[in-house]
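Okay, structure first, notes after.
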Amino acid sequence: MDHFLYKNGALHAEDISLTEIAAAIKTPFYVYSAATLTRHYQLFTEALSPLPHMVCFAIKSLSNVAVLKLLGDLGAGMDVVSGGEYRRARAAGIPGERIVFSGVGKKRDEMRLALTGGIRQFNVESEPELRALSEVASSLDLTAPITIRVNPDVDAKTHTKIATGKSENKFGIPITRAREVYAEAARLPSIEIIGIDVHIGSQLTELTPFEQAYLKIADLTHQLRADGHKIRRLDLGGGLGIPYSRSSKAPPLPVDYGALIKRIVGNLGCEIQIEPGRLISGNAGLLVASVIYIKKGEGRNFLILDAAMNDLIRPSMYDAHHDIVPVIEPTSNFKATVYDVVGPICETGDTFANGRPLAPLTEGDLVAFRSTGAYGAVMASEYNTRPLVPEVLVKKDHFAVIRQRPTFDEILNRDTIPPWL
Ligand SMILES: *Cc1c(COP(=O)(O)O)cnc(C)c1O
């Protein structure tokens, strides 16, 4: 469910017409609904209650500081995967005790930043990382709270680029070697074992892979406790999928996911932590663009937009489908026109959709890509020297630009010509 609906003939974000935002800041832009973000966060906390739990938003999916502040004020923790994301979480006012540090390639200066700034846990992904963390924490006279991310060798049944829980993926420590690595962690100075971490992939549309992984985590909890480790927190990762198309089968709901967690690991006496990104942010955002031209090709119509693959890369990177809707509500009996929807970038990969039936459009019309709150703005670039796409947050009848579009002066001033040239 989201808060992007037609009212008085125009698509709105909550109580603000997208035509109003477009007039104020020009297209393309992303727009997020505070009500949708709030609701999705709450669905998870409700699904896990009454278990002791923390929902840590995977901020790589949507990392604008204003969005982090909104979720942080609701009590959310944050899952970060870089020193930069750690800084974002802190800039949003999130205390270190609510920040989890994930990722396979944490550098020592990032470890130092998190240890001195405060951290809930490091999700350690390898033995070399474990040793480095022990050294860094010792040198600071601090203790690093850790879980070890185990790779349960489960097929998440999702796009190969975002499956992370098979033994051939780069993530985590093979579950078969977990006891050995926990034993090493227990021997190392300045390391405190808190629990276990697992994350098997993104955009999962079935519960079975989660069930397979969590059963293995439950077994491992018993084994590690028998080995003498204190396992008091289970971080079960993110990855629950969202509906990208109104016509496709809906993925499982957070309430069913929560019931599965309770059934499989609810009786272990552990605090439960999850790291959802996409389900909180995905359907809370739209990318709004204008039609520049409609070009007739050989047997096709190209709808050329002012948004491109640099603004939204998911279609070219993951073959992702995004529903595209006109901002001005079409009449109920419109006759669809079939378009290839493309951006202005000089690559054939700059295609959002092929053969997409849409309400007839003309130059200057506004369109919105649905479900683009997650892995949208965060993956944007300035390829073709197209200014980084701005972001807008709406709450009821308020809207604010939460990331400005840079000026061309700002963009050009980042380059420097060496004096010897
Ligand atoms: C990407 C990622 C997530 C979030 O995945 P979603 O599919 O957006 O829920 C959570 N945890 C880790 C470790 C990740 O890499």
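Index from 1, following the sequence. In each ligand, atom 1 is the first atom listed, and ligand 1 is the first ligand listed.
- In this structure, Tyr375 is part of the shell of residues with a heavy atom less than 4.0 angstrom from ligand 1.
- Listed here is the closest heavy atom pair of Tyr182 and Ile196: OH-CA, 3.4 Å.
- For ligand 1, the atoms lying closer than 4.0 Å to a non-hydrogen atom of Gly238 are 9 (O), 10 (C).
- Enclosure of atom NE2 in His159 by more than 12 non-hydrogen atoms of other residues, nucleotides or ligands within 6.0 angstrom is indicated.
- Atoms of ligand 1 lying under 4.0 Å from any heavy atom of Arg149, numbered from 1 in the order shown and given with element: 13 (C).
- Within 6.0 Å of atom NZ in Lys395, 12 or fewer heavy atoms from other residues, nucleotides or ligands are found, so the atom counts as exposed in its surroundings.
- Residue contact check: Ser202 has heavy atoms under 4.0 Å from atoms 5 (O), 6 (P), 7 (O), 8 (O) of ligand 1.
- Taking a cutoff of 4.0 Å between a charged side-chain nitrogen and a carboxylate oxygen, Asp79 and Lys60 do not qualify as a salt bridge.
- In terms of protein heavy atoms, atom 15 (O) of ligand 1 is closest to Lys60 NZ, 2.6 Å.
- By the criterion of a heavy-atom distance under 4.0 Å, the side chain of Asp79, and not its backbone, is placed next to ligand 1.
- For the pair Gly277 and ligand 1, the shortest N or O to N or O distance falls below 3.5 Å.
- Nearest heavy atom pair, residue Leu37 against residue Ile280, reads CD2-O, 3.7 Å.
- At least one N/O-N/O distance between Arg278 and ligand 1 falls below 3.5 Å.
- The shortest separation from a heavy atom of Gly237 to ligand 1 is not under 4.0 Å, leaving the residue out of contact.
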Apply salt bridge (Lys or Arg N to Asp or Glu O under 4.0 Å) to Arg131 and Glu184, showing your working.
-> CA-CA 9 Å; Arg131 288 172 211 138; Glu184 176 171 11; 2.8 Å; yes
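- Within 6.0 Å of the NZ atom in Lys157, the count of heavy atoms belonging to other residues, nucleotides or ligands exceeds 12.
- Heavy-atom separations between Ala374 and ligand 1 are all 4.0 Å or longer.
- No more than 12 heavy atoms of other residues, nucleotides or ligands sit less than 6.0 Å from atom NZ of Lys69.
- Ring pair Phe122/Phe101 is parallel by interplanar angle, where below 30° counts as parallel and above 60° as perpendicular.
- Contact between Leu279 and ligand 1 is absent, with no heavy atom of the residue lying under 4.0 Å from the ligand.
- Near Pro276, with a cut-off below 4.0 Å to any heavy atom, the atoms of ligand 1 are 9 (O).
- Distances between N or O atoms of Ala58 and those of ligand 1 include no value under 3.5 Å.
- At a 4.0 Å heavy-atom cut-off, ligand 1 touches Glu275 through backbone and side chain alike.
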